[in-house]
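Here is how names work: the chains are called A, B, and so on, in the same order as the sequence lines, proteins then strands, and each is numbered from 1. The figures that follow rest on heavy atoms only: side chains count, while hydrogens, waters and symmetry mates do not.
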Amino acid sequence: MSGTPRYRFAPSPTGYFHVGGARTALYNWILALQNDGVFVLRIEDTDESRNEPQWTQGIIDALAWIGIDGTDTHFEGPYFQSAYAANQVAAAEKLFASGHAYYCDLTSEQIHDRAKIAGRPGYDGFSRDRGLTAGPGRSLRFRVPAGVTVVHDEVRGAVEFDNTTIEDFVLLRGNGKPVFVLANVVDDITMNITHVVRAEEHLPNTPKQQMIWAALGATPPSWAHVPLLVNEQRKKLSKRRDKVALEQYRDEGVVAEAMVNYLMTLGWAPTGDTEIVDFATIVKDFKLSSVNHSSAFFDIKKLNAFNGEYLRQMPVEAFSAACEPWLTSDKAPWPADRFDRGVFLRIAPHVQTRVAVLSEVPAMVDFLFLADVVIDAAAFDKAFSAEWARPLTQSIHDRFVDVEWNHDALKIAVEAIGAASDVKLGKLQAPLRVATTGRSVGPPLFESLEVLGRNETLRRIDAALARAG
RNA sequence: GCCCCCAUCGUCUAGAGGCCUAGGACACCACCCUUUCAAGGUGGCGGCACGGGUUCGAAUCCCGUUGGGGGUGCCA
């Protein structure tokens with residue numbers, strides 16, 4: 001046994017990268033970092049019907065996004081399980097040669113029929129002592145020994161399995177291809193994996209894997225099964241039902257730091273009264289033994305709250321830079337050449353406290369970059385429904401012609417007009433806001449107008465007055 | 001069906017027999033601040049699933065019940 005702990009993350013490339021996978025990867029990565037170990041990435045691409053090469057790059061990109069850097073010295077891989085097929089078959093043959101496995105010529109239908117007649121599900125060990133050798137259509141099954149298999153799990157403690165409840169499971173398919181349980185173990189042995197940290201759904205097949213390790217003469221790794229991430233119905237998060245794609249959250253403007261921090265509060269908690277902690281603290285404090293045993297609901301609301309917190313903590317320049325993908329691409333509702341970074345930077349401090357995810361930003365500043373502001377008709381009608389709305393907005397317009405153009409002066413001017421007619425600023429700003437920004441809510445009005453500029457402000461007020469008739 | 005895991009506010013969690021009148025966070029509600037909306041501040045609502053033990057003492061240990069979940073493929 002070498003002294004370097006070797007962890008691994010072994011996803012299959014069957015779709016977008018799952019947030020549950022992200023958390024499992026994070027656990028392994030953090031453990032590798034804090035123990036000066038190695039994080040091995042192994043792509044389990046043996047299910048030819050479901051694999052797509054594009055997903056492999058997606059996994060690598062997603063890992064990089066959450067800080068699991070493929071160029072870091074603690075990172076090793078990616079390895080591809082399919083490349084080790086011959087090695088896995090060789091291991092299976094070794095198991096056959098040593099009597100730990102035997103061939104069986106029964107078809108799935110025959111097994112099913114026998115089970116039905118016997119009244120107990122599963123394979124009944126029919127070919128255990130028939131002395132069959134390898135042949136077309138024959139599968140290789142593991143000869144599960146009598147006794148009890150105890151899995152020592154770093155999260156759950158000792159878990160006992162009575163071997164009579166474990167059927168003689170398949171190692172090699174009728175077509176000669178290895179199945180998951182074999183491939184997984186043989187690769188782990190080949191790659192000198194010492195610690196297997198994965199989701200709880202794998203706990204039931206762990207005794208099988210442990211038996212294979214032993215039968216192959218290897219020392220089983222340290223196991224740890226971490227709780228599942230579930231949806232609101234408390235069912236395992238699924239790609240079909242739930243919003244689980246890491247890429248999707250990234251595209252909506254969740255920042256990686258918030259995602260990582262949030263993911264780490266599921267099933268584990270940093271010490272102290274705050275859950276918002278930096279990655280270095282997490283790496284320092286994380287312990288498998290303090291991971292919870294029960295499943296955790298992936299709460300998008302709380303994720304967004306964390307994200308808002310992270311966004312607000314950023315220096316405004318960093319926030320502004322983080323916003324750019326949403327402001328300069330086709331995600332933005334205005335032509336790319338109308339975006340002005342300097343203008344955005346001026347309004348950014350006010351946007352920063354008002355968004356939870358970055359994708360909300362464009363709608364908050366579109367009035368600055370759109371040639372013609374898009375008026376929300378309902379908001380407009382409501383704002384201009386008051387008796388005073390039209391005349392006072394006209395007065396504001398007239399005053400704005402020569403008022404000093406900064407937010408304080410603008411505010412004082414509007415306030416004065418309101419005071420003369422006994423209309424509070426809170427109400428009076430409504431028609432002005434819709435006229436100039438198209439909406440009833442947004443960043444502080446006078447700051448917005450200061451950035452918008454006098455000419456455009458006057459032009460929009462004119463247009464609104466015309467519209468209000 | 002069988003095997004395995006789990007059980008603290010709605011949710012994520014703190015809690016390793018007395019520090020618990022059970023702490024924090026998200027959500028929710030109220031108030032304050034306020035140029036809308038936020039942000040921020042203050043306060044509030046709200047939980048140890050149930051039943052038995054063990055113990056001077058149990059959210060914490062044991063057993064059972066109930067409930068939830070995972071697995072049970074020649075998928076990974």
Side-chain angles (χ1 to χ4, degrees), chain A residues 10-14 44-47 49-51 81 104 106-108 111 119-123 137-141 151 153 155-156 159-162 164-167 169-181 183-184 199-207 225 227-228 230 232-236 262 265-276 290 292-299 301-306 308-309 312 350-356 364 383 407 410-411 414-415 418 424-430 432-434 437 439-448:
Chain A
S12 51
T14 57
E44 305 218 321
D45 57 346
T46 54
D47 181 359
S49 62
R50 294 201 300 163
N51 290 331
Q81 183 155 76
C104 174
L106 255 35
T107 62
S108 299
I111 292 168
R120 27 172 37 175
Y123 179 71
R138 290 182 179 176
S139 60
L140 182 70
R141 285 182 179 266
V151 172
D153 189 285
V155 172
R156 287 152 213 284
V159 183
E160 286 190 17
F161 297 84
D162 184 332
T164 60
T165 66
I166 302 170
E167 67 175 33
F169 52 94
V170 171
L171 260 16
L172 251 27
R173 301 186 174 93
N175 63 10
K177 294 256 174 73
V179 303
F180 161 75
V181 71
N184 195 262
E200 194 198 333
E201 56 191 314
H202 291 287
L203 185 52
N205 72 46
T206 305
H225 291 88
L228 252 21
V230 299
E232 206 149 18
Q233 285 70 241
R234 306 220 64 94
K235 304 265 194 232
K236 184 170 80 158
Y262 175 64
T265 65
L266 262 22
W268 179 78
T271 44
D273 270 353
T274 175
E275 295 178 309
I276 306 281
S290 57
N292 265 190
H293 298 184
S294 47
S295 53
F297 170 49
F298 185 78
D299 186 353
K301 273 190 176 175
K302 189 161 180 179
L303 201 215
N304 286 347
F306 267 53
E309 185 80 20
R312 274 173 256 124
H350 304 293
V351 174
Q352 203 170 357
T353 56
R354 289 173 171 76
V355 294
M364 203 152 282
H407 68 267
L410 293 172
K411 181 187 174 194
V414 172
E415 248 169 352
K424 286 236 166 56
L425 189 55
K427 285 196 178 292
L428 185 50
Q429 58 96 44
L432 180 58
R433 177 181 290 281
V434 185
T437 71
R439 304 170 195 273
S440 56
V441 298
L445 221 213
F446 305 108
E447 286 78 351
S448 297

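- Residue A:Arg156 is in sugar-phosphate contact alone, with no base atom involved, counting any heavy-atom pair closer than 4.0 Å across all strands shown.
- Atom name P, nucleotides B:rG73 and B:rG17: the rounded distance is 42 Å, in whole Å.
- RNA chain B is contacted by both A:Ser440 and A:Phe306; A:Phe306 maps to the nucleotide lying nearer its 5′ end (nearest heavy atom per residue).
- Remark: side-chain polar atoms of A:His225 are not paired, donor with acceptor, to backbone N or O of A:Val155 under 3.5 angstrom.
- Heavy atoms of A:Gly267 sit under 4.0 angstrom from primed sugar atoms or phosphate atoms, though from no base atom.
- Counting any heavy atom pair closer than 4.0 Å across all strands shown, A:Pro227 reaches no nucleic acid atom.
- Under the Watson-Crick or G-U wobble criterion, with both distances below 3.5 Å, B:rU21 has no partner in any strand shown.
- Rounded to whole Å, the separation between the P atoms of B:rA14 and B:rG23 comes to 15 Å.
- As rounded to the nearest Å, B:rG47 and B:rC26 have C1' atoms that lie 16 Å from one another.
- Under the salt bridge (Lys or Arg N to Asp or Glu O under 4.0 Å) criterion, A:Arg138 pairs with no residue, sequence neighbours left out.
- Counting any heavy atom pair closer than 4.0 Å across all strands shown, A:Phe161 reaches sugar-phosphate atoms only and no base atom.
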message: For a quick check, with a 4.0 angstrom heavy-atom cut-off, what is the B/S/- contact string for nucleotides 38-45 of chain B, read 5' to 3'?
response: BSS-----
- request: Quick one, give me the B/S/- string for nucleotides 62-72 of chain B, reading 5' to 3', where B means a protein heavy atom under 4.0 Å from the base and S means that only happens at the primed atoms, P, OP1 or OP2.
  value: -------SBS-
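- Look at B:rG57: it lacks any Watson-Crick or wobble partner with both distances under 3.5 angstrom.
- Between A:Phe298 and A:Val159, the residue whose closest nucleotide on RNA chain B is further toward the 5' end is A:Val159.
- Closest approach to the A:Gln429 side chain among B:rC74, B:rA76, B:rU36 is made by B:rU36 (side chain taken as heavy atoms from C-beta onward).
- A:Phe180 comes within contact range of at least one nucleobase, with a heavy-atom separation under 4.0 Å.
- When heavy atoms are screened at a 4.0 angstrom cut-off, A:Leu266 is found touching the sugar-phosphate backbone but no base atom.
- Taking atom P on both nucleotides, B:rG24 is separated from B:rC9 by 16 Å, rounded to a whole Å.
- Side-chain contact between A:Tyr262 and A:Asn304 is absent, with no heavy atoms from C-beta onward closer than 4.5 Å.
- With both pairing distances under 3.5 Å, B:rA14 is matched to nothing as a Watson-Crick or G-U wobble pair.
- In this structure, B:rC75 forms no base pair with any nucleotide, since neither Watson-Crick nor G-U wobble geometry is met with both distances under 3.5 Å.
- Checking the phosphate oxygens (OP1, OP2) of B:rA76, a side-chain nitrogen or oxygen of A:Thr46 falls inside 4.0 Å.
- Between the NE2 atom of A:His293 and the C1' atom of B:rC4 there is a distance of 14 Å, given to the nearest Å.
- Judged purely by atom type and a 3.5 angstrom limit, A:Arg234 has no side-chain atom pairing as donor or acceptor with the backbone of A:Val230.
- The interatomic distance linking A:Lys424 (NZ) with B:rU34 (P) rounds to 13 Å, in whole Å.
- A donor-acceptor contact closer than 3.5 angstrom links the side chains of A:Thr164 and A:Asp162.
- Within the model, atoms OG of A:Ser295 and NZ of A:Lys235 stand 11.0 Å from one another, a figure rounded to the nearest 0.5 Å.
- Rounded to whole Å, the separation between the C1' atoms of B:rG18 and B:rA22 comes to 14 Å.
- In this structure, the separation between CZ on A:Phe297 and CD on A:Glu232 is 4.0 Å, given to the nearest 0.5 Å.
- For A:Leu203, counting side-chain heavy atoms from C-beta on, the closest listed nucleotide (B:rA14, B:rC4, B:rU35) is B:rC4.
- A:Phe169 has its CZ atom 14 Å from the P atom of B:rA76, to the nearest Å.
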- prompt: Which is it for A:Phe306 and A:Asp299 under the side-chain contact (heavy atoms from CB on, under 4.5 Å) test, yes or no, and what are the steps along the way?
  reply: CA-CA 11 Å; A:Phe306 267 53; A:Asp299 186 353; over 6 Å; no
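- Whole-Å rounding puts the A:Phe446 CZ to B:rU34 C1' distance at 13 Å.
- One atom, CG of A:Asp299, and another, C1' of B:rC26, lie 7 Å apart when rounded to the nearest Å.
- Residues A:Val441 and A:Arg354 have side chains not in contact (no heavy-atom distance under 4.5 Å, counting atoms from C-beta outward).
- With sequence neighbours excluded, the residues forming a ring-ring contact (aromatic ring centres under 6.0 Å, His included) with A:Phe169 are A:Phe142, listed by chain and number.
- On the C1' atoms, B:rA49 is 28 Å away from B:rU72, given to the nearest whole Å.
- In this structure, A:Pro121 reaches the bases: a heavy-atom distance under 4.0 Å links it to at least one base atom across the strands shown.
- Side-chain atoms of A:Glu167 come within 3.5 Å of backbone N or O of A:Tyr123 as a donor-acceptor pair.
- Across all non-hydrogen atoms, the minimal contact from A:Gln81 to A:Asn184 is NE2-N, 3.7 Å.
- A donor-acceptor pair under 3.5 Å is formed between the side chain of A:Arg173 and the backbone N or O of A:Pro178.
- As rounded to whole Å, 18 Å separates atom P of B:rU34 from atom NZ of A:Lys427.
- Using a 4.0 Å heavy-atom criterion, one finds that A:Glu447 contacts the bases of the nucleic acid, with or without backbone contacts as well.
- Taking atom P on both B:rC2 and B:rC19, the two are 42 Å apart, rounded to the nearest angstrom.
- Atom CZ of A:Arg120 is surrounded by 12 or fewer heavy atoms from other residues, nucleotides or ligands within 6.0 Å.
- Residues passing the salt bridge (Lys or Arg N to Asp or Glu O under 4.0 Å) test with A:Lys411: none are found, sequence neighbours excluded.
- One P atom belongs to B:rG57, the other to B:rG1, and the distance between them is 40 Å to the nearest Å.
- Note on A:Leu140: nothing from the nucleic acid sits closer than 4.0 angstrom, heavy atoms only.
- For the pair A:Leu425 CG and B:rU35 C1', the interatomic distance rounds to 4 Å; values are reported in whole Å.
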task: Encode nucleotides 19-24 of chain B as B, S and - characters from 5' to 3', where the letter depends on protein heavy atoms closer than 4.0 Å: B to the base, S only to sugar-phosphate, - to neither.
output: -----B
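- Look at CD1 on A:Ile276: it is 17 Å from P on B:rC12, rounded to the nearest Å.
- No contact: A:Ala430 has no heavy atom under 4.0 Å from any strand.
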